[in-house]
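The structure appears below as structure tokens.
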Amino acid sequence: MSEKITSRQQDYSQWYIDLVRSAKLADYSDVRGCMIIRPNGYAIWEKMQAALDAMFKETGHVNAYFPLFIPESFIRKEAEHIEGFAPECAVVTHGGGEPLSENLYVRPTSETIIWSSYRKWIQSYRDLPLLINQWANVVRWEMRTRLFLRTSEFLWQEGHTAHATSTEAEEEVLRMIRVYKTFAEEYMALPVIMGRKSESEKFAGAVETWCIEAMMQDTKALQAGTSHNLGQNFAKAFDCKFQTRDGGLDYVWATSWGVSTRLIGALIMAHSDDKGLVLPPKLATRQVVIVPILRGDKEAVVAKAHSIAEQLNQAGIGAMVDDSDQNSPGWKFAEYELQGIPVRIEIGPRDIKNNICIAARRDNAEKVQIPLDNSLTDTVSDLLRDIQENLFDRALAFREEHTMEVSTYDDFKSNIDNGFLVAHWDGTEETEAKIQEETKATIRVIPEEPELIERYGMKDPGTCIYSGKPSVGKVIFAKAY
RNA sequence: CGGGGUGUGGCUCAGCUGGUAGAGUGCUGCGUUCGGGACGCAGAGGUCGUGGGUUCGAGUCCCGCCACCCCGACCA
């Protein structure tokens with residue numbers, strides 16, 4: 001084969017690239033740093049969008065769309081925001097062949113243009129809360145890019161909410177990071193650690209940033225979603241005040257939260273193997289592919305394959321038949337494994353005689369015989385549920401195997417390439433920066449997961465592994481994408 | 001921006017001390033196959049990244065430029 005996938009063991013990074021390209025998820029574009037999301041990849045995004053969008057609606061949000069272009073003066077209104085984003089912005093200076101009177105920034109995120117509107121829309125506490133989400137593309141000029149994980153342009157959703165009180169905003173921030181955690185774990189089968197970011201890792205312009213952090217198969221960390229408490233920073237920058245219930249005047253409290261097409265990269269790096277993509281059933285476009293073995297009474301085999309597909313489809317399980325005679329069954333097996341379809345059903349004359357079919361699981365390569373009767377849909381449906389759970393359990397077990405507590409800096413340094421390290425930190429940016437400089441590792445998350453907090457005594461006071469100064473609790477360090 | 005690498009059929013690449021373009025795979029057609037990437041036969045497909053130079057002659061040698069990839073510094 002010309003498109004052989006490099007093994008994970010040989011070169012993890014190359015494996016990822018080979019997989020993305022051979023599974024036809026994405027392609028490099030002619031524009032530096034940008035990618036083309038191909039139908040196979042976009043289908044995953046559409047599945048993600050559908051599930052997330054429903055969850056946003058359930059939590060009271062509505063969708064809207066704000067412009068791609070942001071006037072330079074808007075970007076400059078919030079001091080930390082401009083400092084954080086300006087260096088990685090694309091700027092439009094000309095339009096219609098003429099220099100523009102004011103430069104337009106291609107949005108790196110939409111807080112500023114959205115708050116310039118919120119200012120007009122919000123006058124009273126009766127206008128609050130305002131709960132808007134948008135599905136959009138954003139541009140951040142990156143020095144080094146990786147397909148899905150970091151490209152100059154990417155797709156995402158960004159929620160922007162406005163609230164009457166600080167407490168409500170805090171609740172919103174937590175509500176949405178929990179939505180992300182639920183989505184990651186239940187749909188992506190990706191266990192994540194929810195918690196706060198350190199001061200230096202938080203969003204430019206936020207008071208506090210919450211995140212969900214996942215572990216990839218090379219033990220590196222990947223930030224899978226963030227939810228920001230923006231306090232009154234943007235309201236003040238855009239002079240967005242409202243009349244309170246008791247007749248006073250106050251600045252509006254804000255949040256923003258987002259996940260991006262990076263999740264597709266996370267999905268790949270968490271579950272896939274050397275044969276190709278492994279998709280959790282809930283995010284696969286099709287859950288089942290049926291490969292008829294075309295020998296003997298071919299017509300009967302093909303007919304049976306289609307009737308199985310119909311039976312499954314009627315039960316809401318996405319199934320397709322590949323009855324083309326262009327490729328051998330072996331070729332098809334390999335191809336659909338590359339594409340990550342969770343279950344393959346093989347059906348041949350032998351099986352028809354025995355009134356069974358063979359189902360092969362993508363996650364662990366096991367093959368089972370399934371009787372061809374009314375129980376088929378339930379059996380397949382159970383199988384899919386089991387695959388979904390197994391992927392999660394496997395990823396969780398992997399993360400736990402690669403999470404350890406360290407109490408000395410020497411231990412830290414010798415184990416930092418082995419996964420997540422739980423360690424005491426004195427809470428200062430200086431220590432964090434020093435550790436990053438010396439080891440390339442950063443504080444990924446200050447966990448707010450009761451189970452983890454209890455297991456590792458996360459909130460117990462101790463001594464910083466780097467400075468030896470007092471620490472109020474432990475945090476998770478790792479090398480990150 | 002540093003370090004490394006690569007530009008030759010769609011893809012992966014070979015092409016030596018210069019002599020007029022090659023393989024594998026893919027593609028098209030026909031036939032035989034089909035329970036883990038099948039086989040035979042016949043075909044189509046390339047201004048060798050780009051600009052200049054040396055030469056009777058450049059994919060090959062020299063100089064410039066461009067693009068992309070990988071590794072690092074910045075970041076979802």
Side-chain angles (χ1 to χ4, degrees), chain A residues 1-6 11-14 16-18 21-22 24 27-35 83-89 108-109 137-158 180 197 200-204 209 211-214 221-228 256-266 275-276 291-296 298 301-302 322-338 344-352 354 356-358 360 365 367 369 436-437 440 442 444 479-481:
Chain A
M1 287 295 99
S2 62
E3 284 189 89
K4 189 72 188 164
I5 300 175
T6 306
D11 184 343
Y12 190 80
S13 171
Q14 192 60 44
Y16 176 79
I17 293 160
D18 289 352
R21 302 202 70 191
S22 52
K24 297 186 172 66
D27 213 345
Y28 294 110
S29 84
D30 295 320
V31 181
R32 182 187 135 79
C34 292
M35 71 187 292
E83 195 186 325
F85 280 107
E88 50 178 322
C89 282
T109 178
N137 60 337
V138 286
V139 169
R140 298 180 187 176
W141 218 254
E142 297 290 349
M143 291 172 176
R144 199 185 140 214
T145 56
R146 295 164 74 93
L147 294 168
F148 289 115
L149 299 176
R150 176 163 298 103
T151 45
S152 289
E153 181 191 14
F154 57 91
L155 305 183
W156 78 346
Q157 60 66 218
E158 43 180 329
Y180 289 156
K197 281 293 187 189
S200 62
E201 291 280 331
K202 74 174 202 206
F203 178 77
T209 289
C211 66
I212 50 171
E213 207 73 21
L222 186 129
Q223 178 175 305
T226 48
S227 182
H228 314 290
S256 68
W257 29 272
V259 295
S260 72
T261 38
R262 169 179 249 207
L263 289 180
I264 297 171
K275 289 193 287 189
V291 179
I293 308 302
L294 302 174
R295 53 162 34 169
K298 295 181 188 176
V301 174
V302 169
D322 184 348
D323 58 6
S324 79
D325 59 359
Q326 300 303 308
N327 298 109
S328 68
W331 188 93
K332 292 174 187 172
F333 296 172
E335 179 61 22
Y336 295 112
E337 280 164 3
L338 175 61
R344 175 184 71 244
I345 288 179
E346 302 167 22
I347 175 96
R350 217 158 62 199
D351 306 313
I352 292 178
N354 299 327
I356 55 153
C357 63
I358 307 293
K367 286 190 181 188
Q369 292 193 352
Q436 179 171 9
E437 201 181 309
K440 311 286 184 213
T442 49
R444 297 322 304 158
K479 290 190 178 173
Y481 277 100

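Note on naming: letters A, B, ... go to the chains in the order of the sequence lines (proteins, then strands), and numbering restarts at 1 for each one.
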For [X], which contact category applies under a 4.0 Å heavy-atom criterion: base, sugar-phosphate, or nothing?
X        : value
A:Lys298 : base
A:Lys367 : base
A:Arg146 : sugar-phosphate
A:Ser13  : sugar-phosphate
A:Glu142 : base
A:Ile17  : sugar-phosphate
A:Thr151 : base
A:Tyr28  : sugar-phosphate

Specify the separation, in whole Å, of atom [atom1] of [X] and atom [atom2] of [N].
X        : N     : atom1 : atom2 : result
A:Met35  : B:C69 : CE    : C1'   : 15 Å
A:Gln369 : B:G35 : CD    : P     : 18 Å
A:Arg350 : B:C34 : CZ    : C1'   : 12 Å
A:Glu153 : B:A76 : CD    : P     : 18 Å

*Mind checking the C1' distance from B:C11 to B:G52? Whole angstroms is fine.*
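One C1' to the other, the span is 32 Å.
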*asked:* By nearest heavy atom, map A:Glu335 and A:Ala480 onto RNA chain B; which one lands nearer the 5' end?
replied: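 On the 5' side of the pair lies A:Glu335.
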*Please confirm whether the backbone N or O of A:Ser260 pairs with a side-chain atom of A:Gln157, one donor and one acceptor, at under 3.5 Å?*
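Checking the backbone N and O of A:Ser260 against the side chain of A:Gln157, no donor-acceptor pair under 3.5 Å is found.
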